[in-house]
Amino acid sequence: MDKNFGAAEAEARIARLWEEAGAFRAGANAKPGGQPFSIVIPPPNVTGSLHMGHAFNNTLQDILTRWHRMKGDDVLWQPGTDHAGIATQMVVERELAKSNRRRTDFTREEFVSLVWQQKQRSRGNIKAQLDRLGASCDWSREAFTMGGAPGDPEAGQGPDFHDAVLKVFVDLYDRGLIYRGKRLVNWDPHFETAISDLEVENREVQGHMWHFKYPLANGATYDYVERDADGNVTLRETRDYIAIATTRPETMLGDGAVAVHPSDARYAPIIGQLCEIPVGPKAHRRLIPIIADEYPDPAFGSGAVKITGAHDFNDYAVANRHDIPLYALMDTKARMRADGLPYEESALIAGQIARGEREASDVSQINLVPDEMRGLDRLEARRLVVSQIESEGLAVLTDSADGPVPHVESKKIMQPFGDRSGVVIEPMLTDQWFVDTARIVGPAIDAVRDGRTRILPERDAKTYFHWLENIEPWCISRQLWWGHRIPVWYGFDLNPGTFRDETGDDALDEIELGDLLLQEGFVGPEPRHHCAADFAAVADRFAGDLAGLPTPLNHARVVEVAGAEAAEDAFAQGLADYNLTQDPTRLVYPVWRDADVLDTWFSSGLWPLGTLGWPNDTPELARYFPTSVLVTGFDIIFFWVARMMMMQLALVNEVPFKTVYVHALVRDEKGKKMSKSLGNVLDPLDLIDEFGADAVRFTLAAMAAMGRDLRLSTARIQGYRNFGTKLWNAHRFAEMNGVFAAPRAPGIPQATAPVNRWILGETARIREEVDAALDSFRFDGAAQSLHAFVWGVVCDWYVEFSKPLLSGTDEALKRETQQVMAWVLDQCLILMHPFMPFITEDLWGSTASRAKLLVHADWPTYAVADLVDPAAEAEMRWTIALIEGVRSARAQLNVPAGLTVPVVMVEADAPARAALARNGALIQRLARIEVPTEGAAPRGSLTVATPGATFALPLEGLIDIAAEIARMTKGADKAAKEAASLRARLANPRFVASAAEEVVEETREALAAREAEEAQLRAALARLSELS
RNA sequence: GGGCGAUUAACUCAGUGGUAGAGUGCUUCCUUCACACGGAAGAAGUCGGGGGUUCGAAUCCCUCAUCGCCCA
């Protein structure tokens, strides 16, 4: 054997071994009747690459997966990737940009096909990276959240996710759980799409707060009075304006009201009055009402807030409460609108609405952006608005060194940014599709409350509840090209009105057609829409809609066109053709499909069901659903976990998983969250290259304390790489000593020597510890126990103890030790395998001929009760104490390390004598002493005290008596101090009365031991002081 | 502003009622026939401050301070 494990060479070789054996296939190594154990991987972004968070996440899943597989459970770890709408579209657009091309240079179909090609190119990344990590997922079942969608070159090879997603949309739509509405949504002006509030990152940035005056209508005035906390008047003046503060002056153009708090006495006199927005051409200044609402904070700014319902979420709520119109000011790129009615006309209509002279029904054509600002960027418009107000003297002034100046505060403000685009998000009034989450959230809350799904750590259940209990409608439409296109088609809302086919000839002549088409309301203002999984189904619905129309319009052929404009043309063309030919087959009813796609999370919300083949009734679905465990980061509890819970419960009325293990984040060395936009992402492959996958995995597991972020340091990884080497060299030692060559009986070896009986017991302890830790998802506990056992027990002690036995002359003892060591090392490999799969599999294969790969080895079930021999354990503890005592004394007194010294047993009780007799060989070797003789302590000797015995190392002349006195005094003092503390505790009657009996007993024993130790050391000290 | 969490050895972190632990680093010694990615022996913490509950508190409660995260 080499001195080190060659990770780079071995990892690839072993991965191939597993692959060729189909070792990770669903159900591999399952015992007859094995319990199902299933995990779905949190699907990584298909065009992405794995960062440390993924490495962490997948290491934990793999540990659980390998552990259960070895236990003989029927295991499935389901892998796959996510189509990641915006992110993937962005990757392709960025690629195109390199050759100066844009998405819009292509048709939608062409572009989507480019994305599929990109997906083909990059999806191997994820698998290759997971393979490097040793992730034992069943790649034969790889799934993709857009599998089977139009254009998928691999359609039919995996689960048809597209089918499932559309089915769910249609199902929820039919149940009234999905609706379309014009709502204020977060709009990303870079990607020109709506995004959900979870995709918005609120960041504090440096901003400004401007203070402006809104003059009261018709020059009205009021007494403005400010009071201090005691009610004393601190300011009284007559004002003809109301002051507002804003961080976004450009939105003033769309103001619909000024709001004050109903309790705010300062403004009570003017509630209900009108005031003037101080921007825009003077001739068409708009008046807006001053209203009372709970929203404004009287203590903030002036206490008065301008209400711009179409551009702020808080204002939107106020506007809805007070029926204030929502005037949109910006286009999809967040530039000031240039469409709609001219400013003058818009201002006029808005004024009529404000005065109650006109209904505020559809205000979308009203564009209150003054002509000179139309098309400007929002920030340019802001500058213009500010300068206009200031030049007109309507800014609130404040004193400065140069006299009064406009009051502009520099302050930190919270601003929303798109988490992908990084641009400032604009609240935007648009038509979108929503899931009525309030109606499906109940079962998701109940399932966790009643324990059908358990969230670990428990604290994260609070986050889950908090979010679900305050859930907002979920905007699921995205204005993208890459994604599941919404299965909704639109067509004109045609109404026969009062038209009758007077001629009764089931045909329409030119006059009749004219009567029909020109009558008011023939085409309704909003298109009709129908939802179905495909065009054929939806065409039937539209055909049904046409039934009420006069013949032959009621038999118009439903055809699909690109959009509303194409539909107008097609419809007109059909009518014209019919009119010319009277051939009813020329009549068409054109419909067009919704251009939007679904939020990626809508499809990944189906992940557990969809990957298992739902809606088909597959054997895997029956076997592995609900899944056993979901392992995921806390940052997507809302995004994903909660939505999966809601969706699976809404669809099949079952929870998607029984346990959710929520892990913390892997942070960078500064404790910052790793993110693509920050560019501080670490590549786990670099670490694997440097230290090996086993070391990286073990480190992550050892640091996986529940609910706490981990900061990865390479020093720690290196430490666990060394740990792997340690394990390796223990095997190398065993090989050199014939351990693997010796004949072996199956099962747990019989042992007679205390050292062998002892290590069997220690192995049983560690097996129980590891199982208990993994049962409770304490990955760190399991890793640390294994580390302490393999290094601290097996390598430090058992291997050392074995040396004199393996090289000794007692052949029976030698054979026994070889067999026990072979077994113990096998147990190390088995128990370590879920954590360090590569090195253990390699050693497993190279140290014996095996019936099965280690990945399929049987996980042990032996217990402490079966294997621990208390007598052997006590004896070995004593042996270790003696060796450590001798070593410590030697080292502290600078006895040369290589020198074998004589030893005299000064006193010893029966157990100590027995232990010495049975373990003399190991003690002599490890402590470097000669065969002990019995007698009084010679002059000038070192003293070593163990429970029940005192030994002396006669080293007169070699040692410094004063140093020995100091050492002994220190030891005696320490024992005395501890004894005193124990004595005090036992002297307290309330301790004896109220503490558990075994605690009291332990304390008594500890006291006795300390007292005995002190006595031994004092006696030795007395002898020493005679010398000096 | 609301919520959650953290504060333990020089560093990174375990440890939820019974004598303070790990990895790395540090000191001294050892190239002893598994391993220098090693061995042996050490030094090192008033467990953030204060108060309380308890026979007993790093651990439970209160409070303060500092830091972090999430939400507004």
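Chain letters run A, B, ... following the sequence lines, proteins first and then strands; every chain starts at 1. Excluded from the calculations below are hydrogen atoms, water molecules and symmetry mates; all remaining heavy atoms, backbone and side chain alike, are included.
Between A34(B), A43(B), A72(B), one nucleotide has an atom nearer to the side chain of K970(A) than all others, and that is A43(B). The side chain of F733(A) has A34(B) as its nearest neighbour among C37(B), A34(B), G23(B). For R990(A), the side-chain atoms get nearest to C55(B) when compared with the rest of C35(B), C55(B), C37(B). The Q784(A) side chain lies nearest to A14(B) when the options are C55(B), A14(B), A34(B). Out of C37(B), A34(B), G39(B), the shortest distance to the side chain of M736(A) is found at A34(B).
One interatomic measurement links the two molecules: CG of L687(A) to P of C37(B), which rounds to 20 Å at whole-angstrom precision. Between R716(A) atom CZ and C37(B) atom C1' the separation is 17 Å, expressed in whole Å. Distance, R967(A) CZ to U28(B) P: 21 Å, rounded to whole Å.
Heavy atoms of H787(A) sit under 4.0 angstrom from primed sugar atoms or phosphate atoms, though from no base atom. Using a 4.0 Å heavy-atom distance criterion, R887(A) is classed as a sugar-phosphate-only contact.
G38(B) is paired with C30(B) under the Watson-Crick or G-U wobble criterion, all donor-acceptor distances under 3.5 Å. Base pairing of U24(B): its partner is A10(B), meeting the Watson-Crick or G-U wobble criterion (both donor-acceptor distances under 3.5 Å). A 3.5 Å limit on both hydrogen-bonding distances identifies G5(B) as the Watson-Crick or G-U partner of C67(B). Across all strands shown, A43(B) has no partner, as no Watson-Crick or G-U wobble contact with both distances under 3.5 Å is found. Here C60(B) sits opposite G52(B) as a Watson-Crick or G-U wobble pair (both hydrogen-bonding atom distances under 3.5 Å).
Residues from residues 888-902 of chain A with heavy atoms under 4.0 angstrom of RNA chain B, sorted by number: S888(A), A891(A), Q892(A).
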Collect all protein-nucleotide pairs involving nucleotides 15-19 of chain B in which both atoms are nitrogen or oxygen and the distance is under 3.5 Å.
{"unit_1": "G15(B)", "atom_1": "OP1", "unit_2": "R778(A)", "atom_2": "NH2", "d": "2.8"}

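Not a single donor-acceptor pair, N or O on each side, falls under 3.5 Å between the base of C35(B) and the side chain of K3(A).
Using the six-membered ring where Trp is involved, H787(A) and Y720(A) have ring planes that are perpendicular, over 60° apart on the 30 and 60° scheme. Aromatic ring orientation, F779(A) versus F777(A): perpendicular (interplanar angle above 60°, classes split at 30° and 60°).
In this structure, N919(A) and M876(A) have side chains that are in contact, with non-hydrogen atoms separated by less than 4.5 Å. Here the side chains of L829(A) and H731(A) are in contact, with some heavy-atom distance below 4.5 Å. W823(A) is listed as a side-chain neighbour of T763(A), based on a closest heavy-atom distance under 4.5 Å.
No more than 12 heavy atoms of other residues, nucleotides or ligands lie within 6.0 Å of CD in E458(A), so this atom counts as exposed by the packing criterion. Applying the 6.0 Å contact sphere to CD of E997(A) captures no more than 12 heavy atoms from other residues, nucleotides or ligands.
Residue M703(A) is the one, among A730(A) and M703(A), whose nearest nucleotide of RNA chain B lies closer to the 5' end (criterion: closest heavy atom).
By the 6.0 Å and 45° rule, R765(A) does not stack over the aromatic ring of F789(A).
A donor-acceptor pair shorter than 3.5 Å can be found between the side chains of S196(A) and E199(A).
Scanning all heavy atoms of the two residues, the minimum distance from G792(A) to W797(A) falls at O-CD1, 3.3 Å.
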